[in-house]
Amino acid sequence: MTIRRILHVDMDAFFASVELLRHPELAGLPVVVGGAGDRGVVAAASYAARVYGVRSAMATIRARRLCPELVVVAPDHAHYSAVSSRIMDCCREFAPVVEPLSLDEAFLDITGAQRLLGPDESIATALRQRLWDREGLWSSVGVASTKLVAKLASEAAKPAPGLSGGSSGVCIVDPADELEFLWDRPVSDLWGVGPVTGDRLRALGVSTVADLARFPRAALESHLGAGLGRQLHDLANGRDDRPVVADAEVRSISHEETFGSDLTVIGDLRAELVVMAEKVGRRARRRGLVGRTVHLKVRWSDLVITTRSRTLAVGTDDGLVVARVATELLGSLPVERGVRLVGVGLSSLGPAGGSSQLELSLSDVGTPAGELPNGRGAALRAADEVRERFGEEAIAPLRRRTGDPSQGGT
DNA sequence: TCTGGGGTCCTAGGACCC
DNA sequence: TCTGGGGTCCTAGGACCC
């Protein structure tokens, strides 16, 4: 088994740095990108802002208290996406397989690239320099033999608050040093350990990765569940064979919004749902996808979350259909309780067009439910969906057509 | 200091099929 | 008629990631 070399690249303060490029007059000022309102949150903080203790995921209100002269810039996702795709293109000049993790992060499999591009250190430095030359943005790069260690290495290469590119920006971990590199760290550094699992582990007396590596595997699995227990025990012992995978398929598309003040009137919520569902539909169409499952998410004024979903017999990319299904789901919820956030989404995605959407539903209409795959009323659902899209009068001709295909139809 | 918006993956129970 | 088991789909919730 050959030793892999995996590179992780992570842009420094990405959204904030991009905004500083567009607004040179803000250079040196404490800048965050995020929501400005009472319920806004910091999405990214410039290094000048971090000096004040401002961090991403922090409520904007609190950030303003820490730094009264803070400049808050509204996010412009379309622009960040455009910059991101150029960054990913740049990465592909260094490795055949590039896996974007988010807009500002990617894994590159550089196993075997040394012959062409030189040692790990040269590859990392060259990538970093090219991103700077092309985009004017600094990044941090880590290289190791696993995804986990490569990501921790890029984190270790990050500049300290107050600086922006002063450190070398590169951290290479030799395979022989990887366990030591890992074991010094708190368990919360591991992928999959958040606040809840972190608390559970601490209750077991586990606080460092070394503690976790020594903890009996079976006991860990019984405390955390088989899946998570096994994964964490492997990671803590440096076992991480997750490959670098390009072109991961999108699994869901959603849009959600927190209101400035809670809504209690169903009509107001319906109006919001229509707008949001249309955005989801537009994004699905742009990607050439249809979704079979419509999701509704509600966050109540007490922050508790309720979700509802409904799976249709066929996929849709039509915002009106999504809105109508979501509205139905909303109908069963006590909105007078006070709705802070509403979200609508599509999953069970598949390619749009051809036989996948309408054709299938036409042939389903009138077919006994028992003869359909998953014979749980799929035909009825299909008929409902056709009715929703085209109205009651559309059903009759479809029945005739289904009964006698030679007659043709729509 | 009370938590935005975009996602991913996992779990668990019930329905249903073979 | 009763019983069991495996597999898949659907739904709700939850943890986590950036």
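Only heavy atoms go into these numbers, but all of them, side chains included; no hydrogens, no water, no symmetry mates. Throughout, a chain's letter reflects where its sequence line sits, starting with A, and its residues are numbered from 1.
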Would you indicate what P75(A) reaches in the nucleic acid, counting non-hydrogen atoms under 4.0 angstrom: base, sugar-phosphate, or nothing?
nothing

Below 4.0 angstrom from OP1 or OP2 of dG13(C), is there any side-chain N or O of T306(A)?
no

Scan L103(A) against the nucleic acid and name what it touches under 4.0 Å (heavy atoms): base, sugar-phosphate only, or nothing.
nothing

Picking from dG13(C), dC10(C), dC16(C), the nucleotide nearest the side-chain atoms of R292(A) would be dC10(C)

Under 4.0 Å, counting only non-hydrogen atoms across every strand here, what does R64(A) touch: a base, just sugar-phosphate, or nothing?
nothing

So T197(A), base contact, sugar-phosphate only, or nothing? Heavy-atom distance under 4.0 Å.
sugar-phosphate

Are any protein N/O atoms closer than 3.5 Å to N/O atoms in nucleotides 5-7 of chain C? If there are, list each pair with its distance.
none

Residue-phosphate contact under 4.0 Å: R308(A) side-chain N/O, dA12(C) OP1/OP2
yes

Strictly under 6.0 Å, is that where the ring centroids of F15(A) and H77(A) end up?
yes

At 4.0 Å (heavy atoms only), tell me whether R200(A) reaches a base, stays on the sugar-phosphate, or touches nothing.
nothing

Just checking G194(A): base, sugar-phosphate only, or nothing, at a heavy-atom cut-off of under 4.0 Å?
sugar-phosphate

DNA chain C in dot-bracket, Watson-Crick or G-U pairs under 3.5 Å, [ ] crossing, | other strand?
....||||||||||||||

